Amino acid sequence: MQLLQLKELSKNYLTKKQVICALKNINISINENEFIVLVGPSGCGKSTILSIIGDLEKKSGGKIEFNKKNIKVGYMFQEDALLPWLNVLDNCMLGLKIQKRVTEENKNYVKSLLKKYGLESFEKSYPKELSGGMRQRVALIRTLATKPDILLLDEPFSALDYQTRITVSDDVFKIIKEEEKTAILVTHDISEAISMADKVVVLSNRPSIVKKIYDIKMDKKGLPSENRKNEKFNFYYKQIWKDLDHYEN
Ligand SMILES: Nc1ncnc2c1ncn2[C@@H]1O[C@H](COP(=O)(O)OP(=O)(O)OP(=O)(O)O)[C@@H](O)[C@H]1O
Ligand SMILES: [Mg+2]
């Protein structure tokens with residue numbers, strides 16, 4: 001079932017000196033439980049799309065249609081943004097605290113997520129005592145704590161080294177699928193996009209339009225690290241690499 005639709009979405013940023021046309025007629029539809037990945041050249045407007053969906057930025061034109069009322073959005077960014085002076089459990093409770101939704105039930109939900117995803121014994125630990133991968137898992141659990149309908153992930157793995165990035169992509173993917181969430185992830189990494197996505201949306205240079213949308217179909221689709229070895233993987237990689245040709249307009 002469709003969860004949200006971007007229709008002819010456009011965005012102009014007005015600065016003192018100029019008007020920057022970031023997005024032009026973006027059309028994307030997102031189904032429930034779908035994992036969408038946005039790729040595109042630097043500065044093409046990927047973060048802008050997430051900010052508009054999350055209502056952090058106003059659109060200049062077009063429509064966003066949600067099929068539910070009061071849809072809740074959860075964010076996860078490049079930096080895990082955990083507060084160093086709070087322990088893991090308190091960091092995970094932060095969003096609920098801000099929204100004044102700290103109840104026994106919600107706290108138990110957070111604790112159950114920490115347990116399910118191997119962080120139970122780190123509840124009282126501080127972020128600096130965790131590895132980069134564990135911090136990203138904590139950041140995701142904090143995002144899930146408020147039970148969002150859709151997760152917006154803006155280059156969540158780019159601060160991690162390559163090895164950690166592969167394992168954390170598996171972890172985050174598993175959690176998102178198990179918790180049956182809809183997600184939109186932004187990345188510069190074509191391999192990451194293909195290995196995680198149901199659909200890859202390729203954006204053009206600014207002003208950005210949707211250049212191509214790929215339904216990633218593989219036999220025996222599994223965890224991202226397994227999908228990287230799938231025989232279809234190279235086919236999609238070559239196509240998307242071509243689409244992202246930076247010298248073309
Ligand atoms: N608040 C703002 N004011 C003015 N211009 C902005 C603002 N935010 C973004 N832009 C411009 O809009 C364009 C799109 O920016 P955006 O951050 O969405 O790109 P991006 O695809 O996420 O880039 P990157 O891959 O580098 O993260 C860029 O040219 C950027 O300079
Ligand atoms: Mg960005």
Side-chain angles (χ1 to χ4, degrees), residues 4-30 35-64 73-82 132 135-136 139-140 143 148 150-162 164-165 168-169 172-173 176 182-197 199-214 224 236-237 239-249:
L4 103 105
Q5 222 178 347
L6 312 182
K7 287 185 174 168
E8 304 287 309
L9 191 70
S10 67
K11 173 69 182 173
N12 300 321
Y13 286 107
L14 307 176
T15 66
K16 278 188 188 145
K17 288 192 193 136
Q18 56 179 337
V19 178
I20 297 171
C21 179
L23 305 175
K24 192 173 143 188
N25 302 342
I26 297 288
N27 294 298
I28 305 172
S29 70
I30 295 146
F35 202 117
I36 303 273
V37 180
L38 305 180
V39 295
S42 189
C44 76
K46 302 179 292 297
S47 299
T48 300
I49 293 178
L50 297 192
S51 303
I52 295 175
I53 295 172
D55 209 19
L56 301 175
E57 280 287 352
K58 292 274 162 267
K59 58 186 166 43
S60 308
K63 277 189 199 162
I64 300 190
V73 169
Y75 271 102
M76 194 169 147
F77 299 103
Q78 179 177 350
E79 303 298 331
D80 55 50
L82 299 178
R135 280 204 296 272
Q136 283 305 69
L140 179 60
T143 309
I150 185 161
L151 292 168
L152 306 177
L153 312 159
D154 200 349
E155 304 195 45
F157 314 124
S158 56
L160 303 172
D161 65 82
Y162 184 72
T164 314
R165 205 175 163 131
V168 177
S169 317
V172 165
F173 181 87
I176 289 174
T182 310
I184 308 179
L185 178 132
V186 165
T187 181
H188 277 107
D189 184 332
I190 303 175
S191 304
E192 192 167 280
I194 299 163
S195 66
M196 296 187 88
K199 256 188 219 164
V200 176
V201 177
V202 184
L203 298 164
S204 71
N205 276 315
R206 193 166 58 79
S208 209
I209 56 161
V210 174
K211 206 166 175 184
K212 286 255 178 75
I213 298 183
Y214 291 93
Y236 289 117
Y237 192 97
Q239 294 290 323
I240 296 171
W241 179 262
K242 252 194 262 167
D243 295 335
L244 285 174
D245 187 348
H246 292 265
Y247 301 105
E248 186 193 75
N249 270 311

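Not measured: the values here are computed from a predicted model. When a ligand or atom number is given, it counts from 1 through the structure's own listing order. Because only heavy atoms are used, hydrogens play no part in the values below, and waters and symmetry mates are left out as well, while side chains stay in.
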**OP:** For the pair Asp243 and Lys211, find out whether any cationic side-chain nitrogen is under 4.0 Å from an anionic carboxylate oxygen.
**Re:**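 No, this pair does not count.
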
**OP:** Could you tell me if any non-hydrogen atom of Lys11 lies under 4.0 Å from any atom of ligand 1?
**Re:** no

**OP:** Mark the output for Cys44 as yes if a heavy-atom distance to ligand 1 is under 4.0 Å, and as no if none is.
**Re:**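 Distance cut 4.0 Å: Cys44 passes for ligand 1.
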
**OP:** Could you tell me whether Thr15 approaches ligand 1 through its side chain, its backbone, both or neither, with non-hydrogen atoms closer than 4.0 Å?
**Re:**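 The side chain, only.
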
Subject >> Verify atom 6 (C) of ligand 1: protein non-hydrogen atom under 4.0 angstrom away >> reply: yes

Subject >> Under-4.0 Å protein heavy-atom contact, atom 1 (N) of ligand 1 >> reply: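 Given the 4.0 Å limit, the answer for atom 1 (N) of ligand 1 is yes, a protein heavy atom qualifies.
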
Do the side chains of [Y] and [X] get nearer than 4.5 Å, heavy atoms only?
| X | Y | result |
| --- | --- | --- |
| Ile190 | Val39 | no |
| Leu185 | Phe35 | yes |
| Val73 | Pro148 | no |
| Ile49 | Ile184 | no |

Original post:
Heavy atoms only: which of Ile52, Ile20, Thr48 is nearest to atom 15 (O) of ligand 1?
Top reply: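 Ranked by closest heavy atom to atom 15 (O) of ligand 1, first place is Thr48.
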
Protein heavy atom at shortest distance from [atom]:
| atom | result |
| --- | --- |
| atom 27 (O) of ligand 1 | Glu155 OE2, 3.6 Å |
| atom 14 (C) of ligand 1 | Gly43 O, 3.3 Å |
| atom 19 (O) of ligand 1 | Gly45 N, 3.2 Å |
| atom 4 (C) of ligand 1 | Tyr13 CB, 3.5 Å |
| atom 29 (O) of ligand 1 | Arg206 NE, 3.0 Å |
| atom 25 (O) of ligand 1 | Lys46 NZ, 2.8 Å |

Determine the minimum heavy-atom distance between [X] and [Y], stating which atoms define it.
| X | Y | answer |
| --- | --- | --- |
| Ser51 | Tyr75 | CA-OH, 3.5 Å |
| Pro207 | Ser204 | O-OG, 3.7 Å |
| Lys46 | Leu203 | CG-CD1, 3.8 Å |
| Ser169 | Glu192 | OG-OE1, 4.3 Å |

Original post:
Can you find an N/O atom of Ala22 closer than 3.5 Å to an N/O atom of ligand 1?
Top reply: no

Show which atoms of ligand 1 fall inside a sub-4.0 Å distance from at least one heavy-atom site of [X].
| X | answer |
| --- | --- |
| Ser47 | 17 (O), 18 (O), 20 (P), 22 (O) |
| His188 | 25 (O) |
| Ser42 | 23 (O), 24 (P), 25 (O), 26 (O) |

Subject >> Heavy atoms of other groups near Lys199 NZ, more than 12 under 6.0 Å >> reply: yes

**OP:** Would you please test Arg206 and Ile20 for side-chain contact (heavy atoms from CB on, under 4.5 Å) and show each step?
**Re:** CA-CA 9 Å; Arg206 193 166 58 79; Ile20 297 171; 3.0 Å; yes

Original post:
Does Ser42 bring an N, O or S atom to within less than 2.8 Å of the Mg ion (ligand 2)?
Top reply: no

